[in-house]
A.B. asks: 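Sharing a structure, written as structure tokens. Questions coming.
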Amino acid sequence: MKQFKAAIVGCGHVSPMHGLSISMLDNVELVAVCDKVPEKAQEKAAAFGAKRWYSDLDEMLEKEELDTLHICLPHYLHPIVAIKALKKGINVLTEKPMATNCEAALEMIEAEKVSTARLAVVSQNRYNAGAVLIKNLIDDGTLGKLLGMRATLAWIRTPDYYQSSDWKGTWDKEGGGVIIDQAIHTIDMLRYLAKSPVDYIDATIANRYHPYIDVEDVSEGVIAFKSGVMASFHCMNYYSYNAPVEIELQFDNAIARMVLDEGEVKFTDGRVFIAKRDPAEKHDFAGKNYWGINHTKQIAQFYQALETGEPFIVDGPEAYKTQQMVNAIYTSGKEHRRVYID
């Protein structure tokens, strides 16, 4: 079994999903963490059991002989750091989104092509029990033809969430608001389950509750797939609490619903299939148990794929398709027009 030497750059809220997930793997050693704030790097190194900590990324990449780098940084830094690591032959797993725009995301893919290393992007919701159930039934043809889809995300992001950050709520650093940050997984899931390329997107965006940020806090629209299926979505982050995300799919033979990470499929003949998270799948991810569980699954698959050479579940080209959707929503909303995706 190959032993991988890993590092994490960015010691913010999402870093425990990576640090603690790595600690569960026998073939991975977390040798270092890095954050521009030394106190945060020192704290997370102790929490994750990393040997060393750094406040300068270039110094870490120079001194450590790394096999992998986990990127947990603000969105605009994802391509900059990923390309730097790929040029050094270091495999990269970056948090979503790939980038703030399609051009930078394509640069990441091109960097991987000329590198000896590989690139993967976090999309942990594909590992939900409900998503696995519904995807398997779609793949084996049990559900019949897909007829329509809808998705709703109603969460809350408080003033402090934005005002305590120097990059959240900005077009240049975050790349957008509720769509690119909170709803990107929902948008990704629609395409994943539709199993069809996107034809066009027609959407609106607005800011109705957060006057101190530049980006949208609500978006609605339709995603038209080349298969002929239409998916409608409504996403906002000024609800009274973080309600479970809901996705519904209508098929010839059934209605499939996913609420949070649970799935239910009701067939027209009366059969009902239900999938729930295994109660044993519970770890302390700094209060984000549901979030962290599926990070653990994807991170394990990342290292398995590196060892065996098998494909990543979400590689650069696959993640780029979702990046295209996100940026098409923004173009459609800003320019008030239908945006076609080649």
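The figures that follow rest on heavy atoms only: side chains count, while hydrogens, waters and symmetry mates do not. These numbers come from a predicted model, not from an experiment.
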A.B. asks: Under 6.0 Å from the CZ atom of F273, do we count more than 12 heavy atoms belonging to anything else shown?
C.D. replies: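 Counting other residues, nucleotides and ligands, CZ of F273 exceeds 12 neighbours.
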A.B. asks: Same hydrophobic cluster for I184 and L106, using side-chain heavy-atom links shorter than 4.5 Å among ILVMFWY?
C.D. replies: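 No, because I184 and L106 fall into different hydrophobic clusters, even though each may have its own neighbours under 4.5 Å.
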A.B. asks: Taking all atoms of both residues into account, what is the closest heavy-atom pair of L193 and A131, and its distance?
C.D. replies: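 Shortest heavy-atom separation between L193 and A131 comes out as CD2-O, 4.4 Å.
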A.B. asks: Any side-chain heavy atom of F267 sitting closer than 4.5 Å to one from L143?
C.D. replies: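 When only atoms from C-beta onward are counted, L143 and F267 do touch, with a gap below 4.5 Å.
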A.B. asks: Measuring from L69:CG to L119:CG, what's the distance to the nearest 0.5 Å?
C.D. replies: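 If I round to the nearest 0.5 Å, the distance is 11.0 Å.
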A.B. asks: Classify the ring geometry of Y162 against H210: parallel below 30°, tilted from 30° to 60°, perpendicular beyond 60°.
C.D. replies: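 The arrangement is perpendicular - the two ring planes meet at more than 60°.
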A.B. asks: Is I180 close to V215 at the side-chain level, that is, under 4.5 Å between some pair of heavy atoms?
C.D. replies: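 The answer is no; the side chains never approach within 4.5 Å.
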A.B. asks: Answer yes when K113 and E110 have at least one side-chain N-carboxylate O distance shorter than 4.0 Å, and no when they do not.
C.D. replies: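 Yes, K113 and E110 are salt-bridged.
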A.B. asks: With rounding to the nearest 0.5 Å, note down the distance linking CG in D172 to CG in N101.
C.D. replies: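 Between D172 CG and N101 CG, I get 11.0 Å after rounding to 0.5 Å.
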A.B. asks: Where the side chain of S115 meets the backbone of A111, is there a donor-acceptor pair that is under 3.5 Å apart?
C.D. replies: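 Checking the backbone N and O of A111 against the side chain of S115, no donor-acceptor pair under 3.5 Å is found.
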A.B. asks: How far apart are the closest heavy atoms of S332 and R337, and which atoms are they?
C.D. replies: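 Taking S332 first and R337 second, the nearest heavy atoms are OG-O, 2.6 Å.
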A.B. asks: A side-chain contact here means heavy atoms from C-beta on lying under 4.5 Å apart; do M98 and E107 qualify?
C.D. replies: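 The answer is no, as the side chains (C-beta and beyond) never meet within the 4.5 Å cut-off.
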A.B. asks: Which is it for K321 and D188 under the side-chain contact (heavy atoms from CB on, under 4.5 Å) test, yes or no, and what are the steps along the way?
C.D. replies: CA-CA 9 Å; K321 296 172 185 176; D188 176 73; over 6 Å; no
A.B. asks: Do D252 and L147 have side chains that approach each other closer than 4.5 Å (heavy atoms only, starting at C-beta)?
C.D. replies: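 They are in contact (side-chain heavy atoms under 4.5 Å apart), so the answer is yes.
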A.B. asks: So V31 and E65, side-chain contact (heavy atoms from CB on, under 4.5 Å) or not? Walk me through it.
C.D. replies: CA-CA 9 Å; V31 297; E65 295 184 2; over 6 Å; no
A.B. asks: Do the side chain of H78 and the main chain of E95 share a donor and acceptor less than 3.5 angstrom apart?
C.D. replies: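 Flag set: sc H78 to bb E95 pair under 3.5 Å.
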A.B. asks: Can you name the nearest heavy-atom pair linking A6 to Y303, along with the distance?
C.D. replies: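 Residues A6 and Y303, closest heavy atoms: CB-OH, 3.4 Å.
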A.B. asks: Going hydrophobic residue to hydrophobic residue with side-chain gaps under 4.5 angstrom, can you get from I313 over to I134?
C.D. replies: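 Looking at the clustering, I134 is in a separate group from I313.
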A.B. asks: Treating N237 as the side-chain partner and W155 as the backbone partner, does any N or O pair qualify as donor plus acceptor under 3.5 Å?
C.D. replies: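 No; zero donor-acceptor contacts below 3.5 Å.
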A.B. asks: Sub-3.5 Å donor-acceptor pair from the side chain of H185 to the main-chain atoms of S123, do we have one?
C.D. replies: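 Answer holds: no.
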A.B. asks: Quick check on the hydrophobic clustering: are L66 and L306 connected, directly or via other members, by side-chain heavy-atom contacts under 4.5 Å?
C.D. replies: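 Result: no, two separate clusters.
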A.B. asks: Going from NZ on K40 to CD on E43, what distance comes out if it is rounded to the nearest 0.5 angstrom?
C.D. replies: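 Those atoms lie 9.0 Å apart.
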A.B. asks: Does the side chain of Y200 come within less than 4.5 Å of I341's, by heavy atoms?
C.D. replies: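 Result no, sub-4.5 Å side-chain heavy-atom pair not found.
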A.B. asks: Is there a side-chain contact between N27 and F4 (heavy atoms, below 4.5 Å)?
C.D. replies: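 A side-chain contact under 4.5 Å exists here.
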A.B. asks: So for atom CD, which belongs to E62, do other residues, nucleotides or ligands contribute more than 12 heavy atoms lying within a distance under 6.0 Å?
C.D. replies: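 Check fails, neighbour count at 12 or below.
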A.B. asks: For the atom pair CG (L20) and NZ (K44), what is the distance rounded to the nearest 0.5 Å?
C.D. replies: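 That separation rounds to 9.5 Å.
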A.B. asks: Give, for atom CD of Q298 and atom CD of Q124, the distance between the pair rounded to the nearest 0.5 Å.
C.D. replies: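 Q298 CD to Q124 CD: 7.0 Å, rounded to 0.5 Å.
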A.B. asks: Provide the closest heavy-atom pair for A129 versus R277 in the form atom of the first, atom of the second, distance.
C.D. replies: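 Scanning both residues completely, I find the closest heavy atoms to be CB-N, 3.9 Å.
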A.B. asks: Going from CD on E262 to CZ on R257, what distance comes out if it is rounded to the nearest 0.5 angstrom?
C.D. replies: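 E262 atom CD to R257 atom CZ measures 14.0 Å (nearest 0.5 Å).
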A.B. asks: Going only through I, L, V, M, F, W and Y residues with side-chain contacts under 4.5 Å, is there a path from I22 to F302?
C.D. replies: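 They do share one cluster, since a chain of ILVMFWY contacts under 4.5 Å joins I22 to F302.
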A.B. asks: State, without any angle test, whether D67 and N91 hold a side-chain donor-acceptor pair at a distance under 3.5 Å.
C.D. replies: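 No, no side-chain donor-acceptor pair sits under 3.5 Å.
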A.B. asks: Ion pair present between K334 and E216, side-chain N to carboxylate O less than 4.0 angstrom?
C.D. replies: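 A salt bridge is absent here (no side-chain N lies under 4.0 Å from a carboxylate O).
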A.B. asks: Is the backbone N or O of G333 less than 3.5 Å from a side-chain atom of T204, with the two atoms forming a donor-acceptor pair by type?
C.D. replies: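 Not confirmed, T204 side chain does not pair with G333 backbone.
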A.B. asks: May I ask you to check whether over 12 heavy atoms, not counting those of Y239, lie within 6.0 Å of atom OH?
C.D. replies: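 No.
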A.B. asks: Please check if W171 and I179 belong to a single hydrophobic cluster, counting links between Ile, Leu, Val, Met, Phe, Trp and Tyr side chain heavy atoms closer than 4.5 Å.
C.D. replies: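 As far as the 4.5 Å side-chain criterion goes, I179 and W171 are connected within one cluster.
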A.B. asks: Taking all heavy atoms of K226 and all of S196, pick out the closest pair and write down the distance.
C.D. replies: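 Closest approach of K226 to S196, heavy atoms only: N-OG, 3.4 Å.
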A.B. asks: For F312, does the six-membered ring have the charged nitrogen or CZ of R118 within the cation-pi criterion, i.e. under 6.0 angstrom from the centroid and within 45° of the normal?
C.D. replies: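 Yes, cation above the ring, under 6.0 Å and within 45°.
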A.B. asks: Between E29 and Q3, does any side-chain donor sit less than 3.5 Å from a side-chain acceptor?
C.D. replies: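 No.
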A.B. asks: Run the side-chain hydrogen bond (donor to acceptor under 3.5 Å, both in side chains) test on N128 and N294 for me, step by step, so that the C-alpha distance in whole Å, both residues' side-chain angles and the decisive distance to 0.1 Å come before the verdict.
C.D. replies: CA-CA 7 Å; N128 290 347; N294 296 303; 2.8 Å; yes
A.B. asks: Run the salt-bridge test on D181 and K96 with the 4.0 Å N-O cut-off and return the result as yes or no.
C.D. replies: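 Counted as a salt bridge, because a side-chain N and a carboxylate O are separated by less than 4.0 Å.
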A.B. asks: How about I329 and F233: do any of their side-chain heavy atoms sit closer than 4.5 Å?
C.D. replies: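 Yes, their side chains come closer than 4.5 Å.
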A.B. asks: Do you know the tightest heavy-atom contact between E174 and G169?
C.D. replies: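 So the two residues come closest at OE1-N, 2.5 Å.
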A.B. asks: Between T142 and N253, is the side-chain contact (heavy atoms from CB on, under 4.5 Å) condition met? List the steps.
C.D. replies: CA-CA 8 Å; T142 303; N253 304 327; over 6 Å; no
A.B. asks: So, do I138 and K195 sit near enough that their side-chain heavy atoms are less than 4.5 Å apart?
C.D. replies: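 With C-beta onward as the side chain, the pair touches.
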A.B. asks: Quick one: does NZ or CZ of K135 land under 6.0 Å from the six-membered ring centre of Y192, within 45 degrees of the ring axis?
C.D. replies: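 Yes; both conditions hold, so K135 lies above the ring face of Y192.
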A.B. asks: Verify side-chain contact (heavy atoms from CB on, under 4.5 Å) between V122 and L93, making sure each step is shown before the conclusion.
C.D. replies: CA-CA 7 Å; V122 171; L93 176 62; 4.0 Å; yes
A.B. asks: Could D202 and R338 be called an ion pair, given the rule that one side-chain N must be under 4.0 Å from one carboxylate O?
C.D. replies: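 A salt bridge links D202 with R338.
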